[in-house]
Trainee: 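Following this message is one structure expressed as structure tokens.
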Amino acid sequence: MPMLSGTGPIYQQIVEAMVEARAAGVLRPGDRLPPQRVLAERLGVDLTTVTRALSEARRRHLVDAAAGRGTFVSARGMEEPILDLGMNIPPSPAGLALPALIRSGIDALLKRSSAEALLSYHPGPGSPAERAAAALWLEPAAGGRIASDRIAVGAGAQSLLGAALATLVREGEAVLADDLTYPGIIGLARTLRLRLASVEADAEGLLPDRLEASAVRHGARLLYLNPTLHNPTTLVMPEARRRDLVAVARRIGLTILEDDPYRALLGEGAPASFLALAPELTFHVATLSKSLSPFLRTAFLAAPNGEALTEIAGNLRSLTLMAPPLMTSLAADWIRSGTAAEIVAGVRVEVAARHALARRLLPDHVKMHPAGLHAWLELKGGRRTADVVEAARSRGLAVSPAIDFAIGGQAPDAIRIALGAVENRDKLTDALTRLAAMIREPEARRAALV
């Protein structure tokens with residue numbers, strides 16, 4: 001067994017040392033561990049600590065115990081990280097029981113509506129009632145009510161973004177974007193055989209003069225933006241910079257694809273959207289997954305006019321056929337009744353509490369926004385992203401490396417830390433404490449053997 005050299009509870013140090021030894025090939029599947037009393041003596045700890053460590057190791061599928069034969073290194077894969085700081089989803093809303101709201105909402109729908117209608121095919125960009133609810137949801141971003149014939153309802157933002165790209169860009173063409181951007185758009189570009197080209201930016205977002213130069217250099221006709229609580233850097237682009245980019249887009253004929261999943265979390269403090277500033281140029285996508293729940297799997301797209309929407313609707317149908325009627329009907333019902341607004345308010349409260357935890361526990365240079373679901377941490381002291389991600393995984397944590405967001409193949413040494421997926425604040429405190437301690441450690445040392 002390796003000697004202990006980490007921090008934190010001794011039993012966790014033992015488990016982490018076992019993980020490192022297994023990764024290094026020092027411990028191999030099938031190896032039999034010494035009896036617990038022998039381990040305790042070798043490690044200089046009490047028997048209870050070793051028993052607790054082996055119990056945790058079994059839970060994480062590191063070892064198996066065979067009655068009467070001893071404890072062996074498992075041949076199975078280790079358990080996936082149990083504290084998820086990688087998935088960017090909203091936490092459960094404070095003060096509300098979301099599962100109960102879902103059950104009661106579906107029950108009410110089934111009592112009022114025909115089950116056959118909810119469970120049958122609904123091709124097209126959404127029913128009139130769903131599109132009207134979408135217009136209500138989009139009204140704050142648009143600065144006024146949008147005509148329903150400009151709106152499509154989709155099964156999540158990814159399907160709507162894919163339909164928009166398939167409509168607005170030809171195979172092989174370039175799409176302009178931030179150097180670090182939403183991984184979903186990177187995947188879509190790869191699938192649709194598009195080229196992503198980065199535009200130089202500063203602390204306020206894309207630089208207008210660089211946007212024009214990049215558009216000319218790449219022959220690009222479309223600009224993809226995630227300007228509000230940017231994923232992954234948390235930036236909220238100031239309105240003045242948005243207006244400058246709109247001026248460039250108008251002058252050179254660029255279309256804007258605005259991905260706006262987090263606006264509802266900002267509420268009235270959000271800057272004017274590109275949809276409001278340049279409705280004739282902007283295709284605006286807003287999902288409910290990041291402000292209410294991914295359970296709904298519902299998102300909305302606003303197009304500049306009905307004609308443009310018709311073409312997108314055709315591509316949307318070829319990609320997903322339809323959004324799930326039960327979920328979109330529930331989403332529309334929640335928007336009309338005000339339940340959606342109540343859920344968003346509860347999510348904001350919980351996000352604020354989690355933000356306070358992260359601000360207290362993570363290094364001072366972490367980038368965060370009080371309304372955001374994630375934090376962006378640039379690594380210091382020569383720490384490499386791959387090493388930090390692997391070390392986090394060995395401690396039962398999942399984080400997102402910067403390379404996942406890079407469109408040019410090069411990425412800074414940084415990680416995105418999602419704050420919403422961990423079940424509750426106590427577990428989030430545990431996860432962030434572990435992560436912060438690991439980041440502050442000196443470079444990992446290979447454990448010595450005994």
Trainee: Does R434 use its side chain to pair, donor to acceptor, with the backbone of R395 at less than 3.5 Å?
Mentor: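 Pair found, side chain donor or acceptor close to backbone of R395.
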
Trainee: Does CZ in R317 sit with more than 12 non-hydrogen atoms of other residues, nucleotides or ligands closer than 6.0 Å?
Mentor: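 No, CZ of R317 has 12 or fewer neighbouring heavy atoms, counting only those of other groups under 6.0 Å.
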
Trainee: Check side-chain contact (heavy atoms from CB on, under 4.5 Å) between P183 and all other residues, then give those that pass, not counting sequence neighbours.
Mentor: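 By the side-chain contact (heavy atoms from CB on, under 4.5 Å) rule, P183 matches N231, F405.
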
Trainee: In this structure, are over 12 heavy atoms from other groups packed under 6.0 Å from R28 atom CZ?
Mentor: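 No, the 6.0 Å shell around CZ holds no more than 12 heavy atoms from other groups.
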
Trainee: Return the OG1 to CD distance between T51 and Q36, rounded to the nearest 0.5 Å.
Mentor: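 Answer rounded to 0.5 Å: 4.0 Å.
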
Trainee: With no hydrogens and no angle check, do the side chains of R22 and S74 hold a donor and an acceptor under 3.5 Å apart?
Mentor: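 Looking only at side-chain atoms, S74 and R22 do not form any donor-acceptor pair under 3.5 Å.
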
Trainee: Side-chain donor-acceptor pair under 3.5 Å between D178 and T181, yes or no?
Mentor: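 Not at all, the side chains of D178 and T181 share no donor-acceptor pair under 3.5 Å.
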
Trainee: Just to verify, what does A129 make a side-chain contact (heavy atoms from CB on, under 4.5 Å) with, not counting sequence neighbours?
Mentor: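 If we apply the side-chain contact (heavy atoms from CB on, under 4.5 Å) test to A129, skipping adjacent residues, the hits are S127, R336.
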
Trainee: Any non-hydrogen side-chain atom of V422 less than 4.5 Å from a side-chain atom of D430?
Mentor: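 A side-chain contact is absent here, since even the closest heavy-atom pair is not under 4.5 Å.
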
Trainee: Does R384 come within less than 4.0 Å of D387, counting only side-chain N to carboxylate O?
Mentor: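 Result for this pair is yes, salt bridge flagged.
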
Trainee: Where do P34 and R42 come nearest, in terms of heavy atoms and distance?
Mentor: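 Taking P34 first and R42 second, the nearest heavy atoms are CG-NH1, 3.7 Å.
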
Trainee: Has the side chain of S289 got a donor or acceptor atom that lies under 3.5 Å from a matching backbone atom of R297?
Mentor: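 No; judged by distance alone, with no hydrogens or angles, the pair does not exist.
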
Trainee: Between D404 and R416, does any side-chain N to carboxylate O distance fall below 4.0 Å?
Mentor: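 Salt bridge absent between D404 and R416.
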
Trainee: Sort and list the pairs that fulfil side chain to side chain donor-acceptor pair (under 3.5 Å) and have at least one residue in residues 357-371, not counting sequence neighbours.
Mentor: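 For residues 357-371: none.
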
